[in-house]
Amino acid sequence: GLHNTILELKGNIRVFCRVRPLLPDEACNTDNKFISYPTSMEAAGRGIDLTQSGAKHSFTFDKVFVPDASQEDVFVEISQLVQSALDGYKVCIFAYGQTGSGKTYTMMGRPGHPEEKGLIPRSLEQIFQTRQSQQPQGWKYEMQVSMLEIYNETIRDLLAMNRSSSDATRLENGSPGKQYTIKHDASGNTHVSDLTVVDVQSVKEVAFLLSQAANSRSVGKTQMNEQSSRSHFVFTLRIYGVNESTDQQVQGVLNLIDLAGSERLSKSGSTGDRLKETQAINKSLSSLSDVIFALAKKEDHIPFRNSKLTYLLQPCLGGDSKTLMFVNISPDQSSAGESLCSLRFAARVN
Ligand code: ADP
Ligand code: MG
């Protein structure tokens with residue numbers, strides 16, 4: 001369709017900026033003249049300006065979502081991209097930004113507020129609905145889900161408890177456990193050794209797995225220094241479609257990634273584990289930026305191997321795959337420095 005044509009003209013990488021609303025406790029101490037963006041969603045703007053220390057920095061993205069933009073407004077803009085995973089494309093959607101900027105809200109939504117569900121549940125609803133509606137044309141789909149976390153360049157299987165209790169025990173003990181090795185086969189399929197992969201038939205089943213994964217993350221949270229904001233969360237849906245009347249086959253992948261907080265912690269004198277964490281996060285986020293930048297420039301060498309995240313996603317970032325990056329921005333003045341860093345990061349890959 002039209003959307004795909006635009007993607008091809010632009011290359012397969014797009015960047016959307018989303019500015020979240022001020023939270024109640026921020027509203028009083030912010031002079032929000034330092035940041036400017038379109039006044040409403042109808043303005044359909046693409047530009048955002050940020051003024052810091054008297055200098056104005058202007059950025060243009062494929063789209064800017066203003067604080068008023070609803071989860072539905074956002075989903076409308078990505079539903080075609082989600083659809084293309086059913087058509088056999090490999091798709092990655094990332095949320096990038098400092099902790100508190102709205103990454104998890106964008107991906108998952110607000111717990112207990114179904115009308116504010118994020119793009120993971122909305123994508124799943126759309127995919128399972130389409131799966132249903134394409135049955136009369138002879139299409140049969142099999143779907144598989146895996147969920148993992150990359151923390152300090154180490155993979156953790158968030159669905160391990162789904163398979164064996166010994167795995168879950170190992171995770172709780174925080175002992176080293178398995179070395180999940182990543183392999184890509186000739187047809188571009190990724191295999192992570194020992195990773196739990198679950199066949200799913202309905203949105204409800206995936207929702208259950210998501211809640212299991214969330215529990216598994218929060219186990220780490222108390223033990224490991226708010227691990228959830230210090231690790232990358234990777235949700236992967238593999239789609240195998242066969243048309244029983246035409247024998248046509250498609251294999252698509254939808255990766256939805258809630259990245260670790262992009263804030264720089266080095267200045268606050270972090271040492272030991274905290275320093276190691278920060279270095280691992282900086283390394284993988286800058287590797288991601290390097291890879292997307294190299295892809296956009298169509299360079300010969302793409303440095304996929306520089307981090308676990310980029311190596312894991314290699315087949316879904318190169319070739320004719322499709323990538324969308326959300327850069328999430330906090331609108332309060334005390335975040336201006338981090339917001340500027342995030343906008344610069346996103347501008348580099350845009
Ligand atoms: P992050 O995952 O980047 O650390 P969160 O998604 O947890 O940030 O967002 C921080 C807080 O802001 C949460 O309380 C969340 O519900 C709220 N929030 C974020 N984005 C929005 C939005 N677009 N509308 C309303 N509340 C939001
Ligand atoms: Mg989060």
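- Residues satisfying the ring-ring contact (aromatic ring centres under 6.0 Å, His included) criterion with His191, sequence neighbours excluded, are absent altogether.
- For Tyr311, the ring-ring contact (aromatic ring centres under 6.0 Å, His included) partners are His184, not counting sequence neighbours.
- With 3.5 Å as the limit, one finds no donor-acceptor pair spanning the side chains of Gln98 and Ser262.
- Note on Lys56 versus Asp49: salt bridge recorded, some NZ/NE/NH1/NH2 to OD/OE distance being below 4.0 Å.
- Atom NZ of Lys140 sits about 4.0 Å away from atom CD of Glu244, to the nearest 0.5 Å.
- Taking the ring-ring contact (aromatic ring centres under 6.0 Å, His included) definition, one finds that Phe345 meets it with Tyr96, sequence neighbours left out.
- Between Phe326 and Phe94, the ring center distance fails the sub-6.0 Å criterion.
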Counting only pairs under 3.5 Å, give me each side-chain donor-acceptor contact of residues 284-292, with atom names and distances, residues two or more places apart or in other chains.
residue : atom : partner : partner atom : Å
Ser284  : OG   : His232  : NE2          : 2.7
Ser284  : OG   : Ala280  : O            : 3.2
Ser284  : OG   : Ile281  : O            : 3.3
Ser286  : OG   : Asn282  : O            : 3.0
Ser286  : OG   : Lys283  : O            : 3.3
Ser287  : OG   : Lys283  : O            : 2.7
Ser289  : OG   : Arg348  : NH1          : 2.6
Asp290  : OD1  : Arg348  : NH1          : 3.0

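- Ion pairing between Glu277 and Arg230 holds under the 4.0 Å rule for side-chain N and carboxylate O.
- Every residue was checked against the salt bridge (charged side-chain N to carboxylate O under 4.0 Å, His left out) condition with Glu142, not counting sequence neighbours, and none meets it.
- Applying the ring-ring contact (aromatic ring centres under 6.0 Å, His included) test to Tyr141 and every residue at least two apart in sequence or in another chain returns Trp139.
- A donor-acceptor pair shorter than 3.5 Å can be found between the side chains of Asp73 and Ser70.
- Thr154 places a side-chain N or O within 3.5 Å of a backbone atom of Asn152 that can act as its donor or acceptor partner.
- Atom OG1 of Thr99 and atom CG of Asn328 lie 11.0 Å apart (nearest 0.5 Å).
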